[in-house]
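Comments concern the structure below.
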Amino acid sequence: MSWFQLDPESIAARVRTSGQAARVPSLAASVGRGAFGFMLVSMAGFVPWAVFGRPLHRAIGELGMYLVCAVVFLGLSGPILHRLILGPNSLPRFAKLFTVAFTAYAIAWIVGWMALRGDAGSLAGLFAGTVLMGAILAHAFDARRAIPAVIAGLFVMNTAGYFIGGWCEGAIMGDRALTLFGLGRRGTVTFAMLLWGVCYGLGLGAGLGMAFHLCQAKARALLLRG
């Protein structure tokens, strides 16, 4: 059984009864929308950590700071990414589904990170988080056969974005050249942390675009069949 009426038959029926032409994006279009859309979301989601990290950490602790970041991700993802779901009325369905999937992902990542720390904690959290997210997305669309491919794509792209972003942050924070452009040391650190958010957003967003595309393969086939 699908969730939120996201099974292929329900999606195709909504498109047909809407009277609008079917919008069937390619894999490249879905990946691009996911990557650049979630990049914007991620930049905002990293602001509590990058800009307000110290006062937030003192006020509500490390866990509280990460939860604030997660709330920003959840609040902005729907308006920006809901068209990854085919058909009309995609915003409320995306908001419900992504809230479930990203909350599970965020909890798994936080647990993995806080338990192990370092690269091991990051990898453990990313793997556990993408397994949960991928399984939830596939079940929601009644696309269980796509679970291995969805999880693999999410994990590879998310991990690449996360660690490339971490490497960029470390490289910039170790190079004071950017202070020559008037950023100052604190500005350089903030810039480096937000750049991590850009890379992370591109990676996970590309994975999300691919995941939603794979999960809706049957719905696209129904729409193209007419």
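Computed from a predicted model, the values in this text were never measured in an experiment.
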Using a 6.0 Å cut-off, check whether atom CZ of Arg145 has over 12 heavy atoms from anything other than its own residue. no

Determine, step by step, whether Leu204 and Met157 satisfy the side-chain contact (heavy atoms from CB on, under 4.5 Å) criterion, reporting the C-alpha distance in whole Å, the side-chain angles of both residues, the deciding distance to 0.1 Å, and the verdict. CA-CA 6 Å; Leu204 180 53; Met157 295 181 189; over 6 Å; no

Pairs touching residues 204-220 that satisfy side chain to side chain donor-acceptor pair (under 3.5 Å), sequence neighbours left out: Ser30-His213, His213-Arg220

For the residue pair Gln5 and Arg14, what are the closest heavy atoms and their distance? O-NH1, 2.8 Å

To the nearest 0.5 Å, how far apart are CG in Leu67 and CD1 in Ile60? 7.5 Å

In terms of heavy-atom contacts, Ala50 and Leu194 come closest through CB-CD2, 3.8 Å

Closest heavy-atom pair, Ala106 versus Ala70, reported as atoms and distance to 0.1 Å, is CB-CB, 4.4 Å

So, Trp196 versus Tyr162, ring centres under 6.0 angstrom or not? yes

Gly197 backbone acceptor or donor facing Ser42 side chain under 3.5 Å: yes

Answer yes if the ring centres of Phe4 and Phe94 are under 6.0 angstrom apart, and no otherwise. no

Heavy atoms from other residues, nucleotides or ligands near CZ of Arg117 exceed 12 (cutoff 6.0 Å): yes

Carefully, step by step, assess Phe102 and Ser77 under the rule side-chain contact (heavy atoms from CB on, under 4.5 Å). CA-CA 10 Å; Phe102 191 79; Ser77 293; over 6 Å; no

For the residue pair Cys168 and Leu195, what are the closest heavy atoms and their distance? CB-CD2, 3.9 Å

Which atom pair, heavy atoms only, marks the closest approach of Trp3 to Val100? CZ3-CG1, 4.3 Å

Taking the six-membered ring for Trp, are Phe98 and Phe38 parallel (under 30°), tilted (30 to 60°) or perpendicular (over 60°)? perpendicular

Given the rule in the side-chain contact (heavy atoms from CB on, under 4.5 Å) test, do Lys96 and Arg93 qualify, once you have shown the distances and angles that lead to the verdict? CA-CA 5 Å; Lys96 294 172 185 176; Arg93 290 180 171 83; 5.9 Å; no

Min side-chain heavy-atom separation Arg16-Leu222 under 4.5 Å: yes

Side-chain heavy atoms of Phe163 within contact of Leu126, under 4.5 Å: yes

Whether Phe46 and Trp49 hold their rings parallel, tilted or perpendicular, with breakpoints at 30° and 60°: perpendicular

Exactly one of Asp7, Leu97, Val150, Leu214 should register a side-chain contact (heavy atoms from CB on, under 4.5 Å) with Phe141. Which one does? Leu97

Apply side-chain contact (heavy atoms from CB on, under 4.5 Å) to the pair Tyr105 and Asn158, showing each step before the final yes or no. CA-CA 11 Å; Tyr105 166 92; Asn158 187 196; 2.8 Å; yes

Distance-minimising heavy-atom pair for Thr130 and Ile151: O-CG1, 4.0 Å

